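Given the structure is predicted, the values throughout are model-derived calculations rather than measurements. So that the names make sense, note that chain A is the first sequence line, chain B the second, and so on, each numbered from 1.
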There are 2 protein chains.
Amino acid sequence: MGHKPRKEMIAETRAKLVAAARHAFGTVGYAEASMDDFTASAGLTRGALYHHFGDKKGLLQAVIAEIDAEMLARLKIVSARADTLWQGFVDECTAYIEMALEPEIQRIVLRDGPAVLGDPSQWPSQNECIRSMSENLQKLRDEGTIVAVDPEAAARLISGASLHAAQWIANSEDPEATSKKAVQAFNVLLEGLLKQSRRIGRPQAPAEIDKSLA
Amino acid sequence: MGHKPRKEMIAETRAKLVAAARHAFGTVGYAEASMDDFTASAGLTRGALYHHFGDKKGLLQAVIAEIDAEMLARLKIVSARADTLWQGFVDECTAYIEMALEPEIQRIVLRDGPAVLGDPSQWPSQNECIRSMSENLQKLRDEGTIVAVDPEAAARLISGASLHAAQWIANSEDPEATSKKAVQAFNVLLEGLLKQSRRIGRPQAPAEIDKSLA
DNA sequence: GATAATGACATACGACGCGTATGTCAATTA
DNA sequence: TAATTGACATACGCGTCGTATGTCATTATC
């Protein structure tokens, strides 16, 4: 007993720094988060931070990577348990919007991240979520459910629409009503992807999507 | 002759500050732009800045308001010269993407702005562009071209998709090829808005949209 | 098993940038 | 012409970042 192995101590230090930074970035924002303050809250100093992450931006990258990994895991679960590919895709989009409603994700990933690290489409992590959606769209195209469209392009457009919808919803006066309107409009746009034959007379299921957003 | 009237001098000072800040924000970014530096480049000091704009954020607001006014003016011109409402709407979307390709707009309006001033959907200025799109969608709904959908919701989703598409295009290795893919996918999604009767067998015109993006 | 070397942190220092408080001077107003 | 307003400059203090340096434990070497 007694002391833990070295590797674990180091990993623990890293984790504590990431956790403290994540909390600070998520609440007061990246620019207002004092490195002295949140490293102290983790029982450390900036020395540890610079040793492990190089600088403040490096730490933000680590925080975002952690959040992104969590998002990807959640998306995979959602799409995996759907009955059809199309339903899985729609569910994944819905989950995407739901996640973007969380203040921590909005602040760190959607606002401060792009400002500090540049365009998110260049991040390795964010591309994971996009790639997940792209793969689903590719399969949907292969099975003939949707029209011939570039999967990555569609995925990026849809994720862009989702993210903006989420920010609109989260900051609106009546989030629930806004959510209904956004989801309905979102479904209308997604219908554009479906082939004519499938689209005509096909009952959409906005109610089901809606309840998961409430 | 001789000295200009007082009001003009003051307006000129404000304009010089906004112009200098706009250049600094657009090139090195908001956080890296030193107030001492870019006020000096305008032949002034921070004293003038604090007098007119209160603080650095206030100046960013002024810069964004200026850019947004320009964007709105450009959008109005585009939508006004179209033959049909639907064509005007599509053209406006295209113009939106084109503007979002400009580095200055990407940096100031799309990245630093949200990080410093919060969610853009809360800005008075950004809402002008959205409102312009919303009005067009409202008219399209009234004349029966598109399905029953909340105009503002659709406008926000579409603008979100446009903005992300633009960032994706601007930062891609082959912007031209990426642009083609994005525009094609964008048209597919917009088709979702059209009523079935109009959608079936209706020749789309991606070529025309495409050339304006090249 | 003693010594050297590596690495994980803490401490100390310098520089910069922001905001405010204060000062100055011209232009209006009475 | 005297008083007042307002546009701007100057001066100061404070916080924050990055780096350079120091310390101590762990690991490697013989």
Side-chain angles (χ1 to χ4, degrees), chain A residues 1-63 108 112-113 115-117, chain B residues 1-63 107-108 112-113 115-118:
Chain A
M1 47 152 285
H3 296 190
K4 293 181 179 179
R6 193 111 208 276
K7 288 285 179 188
E8 285 190 19
M9 296 295 292
I10 296 171
E12 195 174 317
T13 295
R14 279 184 63 100
K16 279 196 288 189
L17 284 174
V18 169
R22 178 171 175 170
H23 180 257
F25 293 164
T27 49
V28 299
Y30 176 84
E32 304 305 316
S34 162
M35 299 169 73
D36 280 320
D37 287 353
F38 69 73
T39 51
S41 82
L44 296 161
T45 69
R46 277 182 310 148
L49 192 160
Y50 280 99
H51 182 73
H52 285 290
F53 302 100
D55 60 356
K56 201 179 181 184
K57 287 169 68 170
L59 183 53
L60 178 61
Q61 283 182 355
V63 169
I108 301 178
D112 287 341
V116 177
L117 305 177
Chain B
M1 49 151 288
H3 296 190
K4 293 181 178 178
R6 192 110 210 278
K7 288 286 180 190
E8 285 189 18
M9 295 295 293
I10 296 171
E12 197 173 316
T13 295
R14 278 184 64 100
K16 280 196 287 189
L17 284 173
V18 169
R22 178 172 175 169
H23 180 257
F25 293 164
T27 50
V28 299
Y30 175 83
E32 304 305 316
S34 162
M35 300 169 74
D36 281 319
D37 287 353
F38 68 74
T39 51
S41 82
L44 296 161
T45 69
R46 276 183 308 149
L49 192 159
Y50 279 99
H51 182 72
H52 286 290
F53 302 99
D55 60 355
K56 200 180 182 183
K57 288 169 69 171
L59 183 52
L60 178 61
Q61 283 181 356
V63 169
R107 179 95 218 206
I108 301 178
D112 287 340
V116 177
L117 305 177

S.K.: In whole angstrom, give the distance that lies between atom NE2 of B:H51 and atom P of D:dT5.
M.R.: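 After rounding, the reported distance stands at 14 Å.
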S.K.: Checking contacts here: which listed nucleotide (D:dA9, C:dG17, D:dT19) is nearest the side-chain heavy atoms of B:T45?
M.R.: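 Selected nucleotide: D:dA9.
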S.K.: To the nearest 0.5 Å, how far apart are OH in B:Y50 and CG in B:L59?
M.R.: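 Going from OH on B:Y50 over to CG on B:L59, the span is 10.0 Å.
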S.K.: C:dC18 P sits how many Å from B:L49 CG, rounded?
M.R.: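 My rounded result for the distance is 9 Å.
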S.K.: With A:R46 as reference, evaluate A:D37, A:D55, A:D36 under the salt bridge (charged side-chain N to carboxylate O under 4.0 Å, His left out) test and give the passing residue.
M.R.: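 When salt bridge (charged side-chain N to carboxylate O under 4.0 Å, His left out) is applied between A:R46 and each of A:D37, A:D55, A:D36, only A:D36 qualifies.
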S.K.: Below 4.0 angstrom from OP1 or OP2 of C:dA8, is there any side-chain N or O of A:H52?
M.R.: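 No, no such contact exists.
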S.K.: Please confirm whether the shortest side-chain N or O distance from A:K56 to OP1 or OP2 of D:dC17 is below 4.0 Å.
M.R.: yes
S.K.: Taking only N and O in the side chain of A:T13, is any of them less than 4.0 Å away from OP1 or OP2 of C:dC9?
M.R.: yes
S.K.: May I have the distance from A:M35 (atom CE) to C:dA12 (atom P), rounded to whole angstrom?
M.R.: 18 Å
S.K.: Identify whether any heavy atom of A:A33 sits under 4.0 Å from a base atom; if not, whether one sits that close to sugar-phosphate; answer base, sugar-phosphate or nothing.
M.R.: sugar-phosphate
S.K.: Whole angstrom is fine here: how far is it from CZ in B:F53 over to P in D:dA7?
M.R.: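 Roughly 12 Å, once rounded to whole Å.
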S.K.: If I take atom OH in residue A:Y50 and atom P in nucleotide C:dA10, what distance separates them, rounded to the nearest angstrom?
M.R.: 14 Å
S.K.: Taking the side chain as every heavy atom from C-beta outward, state whether A:L49 and A:L44 have any pair of such atoms under 4.5 Å apart.
M.R.: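 When only atoms from C-beta onward are counted, A:L44 and A:L49 do not touch, as no gap falls below 4.5 Å.
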S.K.: Could you give the CD1-to-C1' distance, from A:I10 to D:dT26, as a whole number of Å?
M.R.: 9 Å
S.K.: When the nearest nucleotide of DNA chain D is assigned to A:E32 and to A:G47 on a heavy-atom basis, which residue is associated with the more 5' position?
M.R.: A:E32
S.K.: For the residue pair A:Y30 and A:F25, does the interplanar ring angle fall in the parallel (under 30°), tilted (30 to 60°) or perpendicular (over 60°) class?
M.R.: tilted
S.K.: Nearest-Å distance, CE (B:M9) to C1' (D:dG6)?
M.R.: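 After rounding, the gap between these two atoms is 14 Å.
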S.K.: What is the minimum heavy-atom distance between B:R107 and A:A115, and which atoms define it?
M.R.: NH2-O, 3.9 Å
S.K.: From the options D:dT16, C:dC9, D:dC8, select the nucleotide whose nearest atom is closest to the side chain of A:L44.
M.R.: C:dC9
S.K.: Grab the CG-C1' distance between B:L17 and D:dA9 for me, whole Å please.
M.R.: 13 Å
